[in-house]
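These numbers come from the heavy atoms of this one structure, side chains and all, not from hydrogens, waters or symmetry mates.
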Amino acid sequence: QKDGSWIGAFSAIKGEPNLNPAYQDLKGEGFRFAYPAVTGDHLKFFDVRSESEWCQGPWGLREPDPSRAHEIPITDLKSILVPGLAFDRK
């Protein structure tokens, strides 16, 4: 059975774990991915369907172009995968 749920997916930057293999496995299970973009003071998630829907964001990172990609409400995300190296409670 294919799930069809949305997952928020961050792309790794230099030094972070590459989650692309996990994303491919999850796509095979029917999950869909929404990628984050900074829009004003907010972080929003978008469904990117083509290369033309990507741009360089304000922090120099590759992110969806909010004027081209379709926004996915954060409440529609089943989970969010973050390729961080370390986390703490702060």
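In this structure, Leu26 and Leu81 have side chains that are in contact, with non-hydrogen atoms separated by less than 4.5 Å. The side-chain heavy atoms of Ser5 and Arg32, taken from C-beta on, include no pair separated by under 4.5 Å. Put simply, the side chain of Phe31 reaches to within 4.5 Å of the side chain of Lys78, judged on heavy atoms. Using a 4.5 Å heavy-atom cutoff, the side chains of Asp47 and Trp6 are in contact.
Centroid-to-centroid, the aromatic rings of Tyr35 and Trp54 come within less than 6.0 Å. Checked against the 6.0 Å centroid threshold, Tyr23 and Phe33 count as a close aromatic pair.
Rounded to the nearest 0.5 angstrom, Leu43 CG and Ile74 CD1 are separated by 7.0 Å. Considering CD1 of Ile7 and CG of Leu77, their distance stands at 9.0 Å, rounded to 0.5 Å. Taken from CZ in Phe46 to CD in Glu63, the straight-line distance is 8.5 Å, to the nearest 0.5 Å. Interatomic distance, Asp65 CG to Gln56 CD, rounded to the nearest 0.5 Å: 12.0 Å.
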field: From CA spacing to verdict: salt bridge (Lys or Arg N to Asp or Glu O under 4.0 Å), Glu51, Arg62
entry: CA-CA 11 Å; Glu51 278 298 313; Arg62 185 175 186 241; 2.7 Å; yes

query: So Asp25 and Lys27, salt bridge (Lys or Arg N to Asp or Glu O under 4.0 Å) or not? Walk me through it.
result: CA-CA 5 Å; Asp25 289 346; Lys27 281 182 183 179; over 6 Å; no

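The minimum heavy-atom distance between Pro17 and Ala12, with the atom names listed, is O-CB, 3.2 Å. When all heavy atoms are compared, the tightest approach of Pro36 to Ala9 is CD-O, 3.3 Å. For the residue pair Pro66 and Pro64, the shortest heavy atom distance occurs at CD-O, 3.1 Å.
Clustering ILVMFWY residues whenever any of their side-chain heavy atoms sit less than 4.5 angstrom apart, transitively, puts Val82 in the very cluster that holds Trp59.
Gln24 places no side-chain N or O within donor-acceptor distance of the main-chain N or O of Pro21, the cut-off being under 3.5 Å.
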